[in-house]
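Below is one structure, written out as structure tokens; the observations come after it.
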Amino acid sequence: MLNTIGDAAGKIWQYLDQNGSASVTKITNETGINKNDVQRAIGWLLKRASSQLRCSRTETLSLK
């Protein structure tokens with residue numbers, strides 16, 4: 001599972017870098033990663049890259 005979450009985190013990071021801020025739903029739909037893995041990957045990213053990632057109250061993610 002750890003590889004899956006790490007891979008998903010990498011895909012999400014690349015998606016945000018290329019497309020700018022996006023909702024969890026949009027990330028899920030456009031990356032093909034299932035919603036549970038997206039949520040886990042967001043947690044992983046926030047823990048490891050919190051100084052470079054922003055998460056708003058409306059679950060919109062963006063790179064700083």
Side-chain angles (χ1 to χ4, degrees):
M1 178 183 256
L2 186 56
N3 287 342
T4 301
I5 302 308
D7 292 344
K11 285 182 181 180
I12 291 168
W13 187 273
Q14 289 176 340
Y15 177 85
L16 293 172
D17 188 42
Q18 293 173 358
N19 299 290
S21 63
S23 68
V24 171
T25 301
K26 186 172 183 178
I27 292 168
T28 300
N29 291 338
E30 294 191 10
T31 62
I33 303 168
N34 75 55
K35 189 169 184 172
N36 289 334
D37 287 344
V38 168
Q39 295 289 355
R40 290 181 184 110
I42 290 168
W44 190 90
L45 285 168
L46 288 171
K47 182 176 180 181
R48 289 180 175 64
S50 63
S51 64
Q52 299 174 3
L53 187 70
R54 180 179 307 135
C55 184
S56 73
R57 281 183 11 165
T58 59
E59 291 191 14
T60 298
L61 299 172
S62 62
L63 300 178
K64 290 184 180 177

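Every value quoted in this text rests on a predicted model; they were computed, and no experiment measured them.
Considering every non-hydrogen atom in both K11 and I33, the closest pair reads CB-CD1, 3.8 Å.
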Below 3.5 Å, can you tabulate the donor-acceptor pairs from side chains in residues 14-21 to any protein atom, sequence neighbours excluded?
{"unit_1": "Y15", "atom_1": "OH", "unit_2": "E30", "atom_2": "OE1", "d": "2.7"}
{"unit_1": "N19", "atom_1": "ND2", "unit_2": "Y15", "atom_2": "O", "d": "2.9"}

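Among residues two or more places apart in sequence or in another chain, the side chain to side chain contact (heavy atoms under 4.5 Å, CB included) test is passed with N34 by N36, D37.
The line from CD1 of I12 to OG1 of T28 is 7.5 Å long, rounded to the nearest 0.5 Å.
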